[in-house]
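I have placed the structure first, in the form of structure tokens, so that the comments after it can refer back to it.
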Number of protein chains: 2
Amino acid sequence: MSRREQILDVALELLERDGVQALTMRAIGEAVGMRAPSLYKHVPDKQSLEAGLIARGLTAQAQVFARAKTLTALARAYRGWAREHPHLYRLMTDGPLPRDLLPPGVEDAAAAPLLAVTGSVAQARALWGLAHGLISLELAGRFPPGADVDAAWRVGIAAFTATTTKGRTP
Amino acid sequence: MSRREQILDVALELLERDGVQALTMRAIGEAVGMRAPSLYKHVPDKQSLEAGLIARGLTAQAQVFARAKTLTALARAYRGWAREHPHLYRLMTDGPLPRDLLPPGVEDAAAAPLLAVTGSVAQARALWGLAHGLISLELAGRFPPGADVDAAWRVGIAAFTATTTKGRTP
DNA sequence: AACCCTAAGCTAACACCGTTAGCCAACCGC
DNA sequence: GCGGTTGGCTAACGGTGTTAGCTTAGGGTT
């Protein structure tokens, strides 16, 4: 295992455990057993390190989402993944995608299941917007305490299933 | 005009013009004509200053959204406001709402039009999720360049109008 | 075997961030 | 006139990402 991958490993662990504000070059260095400046012998800068984490998240998503064959199952999988990896999910979705730092195809791989489960690109994007919006508001603590988030998901998914499967049911 | 409001004024201008990474205590101080530490004579800390900006954003949203009488008009207004104030919108939606630092009622005021235009709280939250998700992905540059974001909005809104206005049309 | 070059660690330091401590001048009420 | 509050200042602290420059170990070539 290359040193870079080892650094990404401990950075991911650090991020998932303690959140994005704990993802510090010095903290990563300590966890990997070196001083912060030495990290720069293996990683050009922090942005590229974060891009590596984002790439891992996208491929992990692609694997999980591919198992969901229906719109409802995919929505459940999407929410579930985000709740299992809240800090990574936020790192992945806050800020623009560093596409030039990502291995090619990884973005499409994560998006493919959405396309498979809806009828068109526009429908896939709208569903993505719904799912991302709901989970993003949930993770950011924007809903009032005690809000019935499940009900919002049910309503949203119902609206989409009514539309996207119309006339396509076998 | 109190000094605090003046500080909020220039902070808001700074944020909307140069983005959140330019919203620095030193930069605010310079723009308002004093050194950064002197700001603390008028504002307890940066978090409260940001809460002031968020409160302004919420009341501005409440005023604009209240004019939208249909679901479609509200969605258009929501997207339009966010695109006119992208940095403020992101400041308002990234991170949890500092409810204890906000004037009471301002959160509800901004949310009320969503409730008025849908049938239930769950529908309002689902629609909010859709709108927030789409604009958030758009502002973060997550859609591929050249993506037809308008089409995604049309599809999403269509899904919701089909559901929420069912049986309620006059 | 002697040499050199590269890889990979280190410390010191820089510029910037939010924030605190402590000082000082101006102004206001008595 | 005088004391206290208000509102500015500088200096500084601990934190961030990052760079410069040094050192040491290891491997390859002659």
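Below, read A as the first sequence line, B as the second, and so on, with proteins coming before strands; counting in each chain starts at 1. Just the heavy atoms: all of them, side chains too, but no hydrogens, waters or symmetry mates, feed the values below.
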* **Listed partners of R99(A) passing salt bridge (charged side-chain N to carboxylate O under 4.0 Å, His left out), at least two apart** => E107(A)
* Asked: What residues form a ring pair (Phe, Tyr, Trp, His ring centres under 6.0 Å) with H85(A), not counting sequence neighbours?
  -> W81(A)
* Asked: Could you state the CG-C1' distance from L39(A) to dA8(C), rounded to the nearest angstrom?
  -> 12 Å
* Asked: Do L102(B) and W128(B) belong together in a cluster built from hydrophobic side chains that touch within less than 4.5 Å?
  -> yes
Would you mind writing out the side-chain donor-acceptor pairs for residues 38-49 of chain A within the sub-3.5 Å range, not counting sequence neighbours?
from, atom 1, to, atom 2, distance (Å)
D45(A), OD1, S48(A), N, 3.1
K46(A), NZ, L23(A), O, 2.7
S48(A), OG, R4(A), NH2, 3.4

* Asked: CZ of R67(A): more than 12 outside heavy atoms within 6.0 angstrom?
  -> no
* Asked: Does anything in residues 85-96 of chain B reach DNA chain C, meaning a heavy atom under 4.0 Å, and if so which residues?
  -> none
* Between R35(B) (CZ) and dT10(D) (P), how many Å, whole number? -> 4 Å
* Asked: For D100(A), what residues pass the side-chain hydrogen bond (donor to acceptor under 3.5 Å, both in side chains) criterion, not counting sequence neighbours?
  -> none
* Using a cut-off of 4.0 Å between protein heavy atoms and nucleotide atoms, how would you tag nucleotides 16-27 of chain C 5' to 3' with B, S and -? -> -BBBB-------
* Asked: Within the distance-only criterion (no hydrogens, no angle test), does the side chain of R142(B) pair as donor or acceptor with the backbone N or O of M92(A) below 3.5 angstrom?
  -> yes
* Test side chain to side chain donor-acceptor pair (under 3.5 Å) applied to Y89(A) and H132(A), Q61(A), E84(A), the passing residue -> H132(A)
* To do: Measure the distance from NE2 on H42(A) to P on dT18(D) and round it to the nearest whole Å.
  => 16 Å
* **Between P of dC9(D) and CD of E30(B), the distance in whole Å** => 12 Å
* Short side-chain N/O contact from S38(A) to OP1 or OP2 of dC10(C), under 4.0 Å -> yes
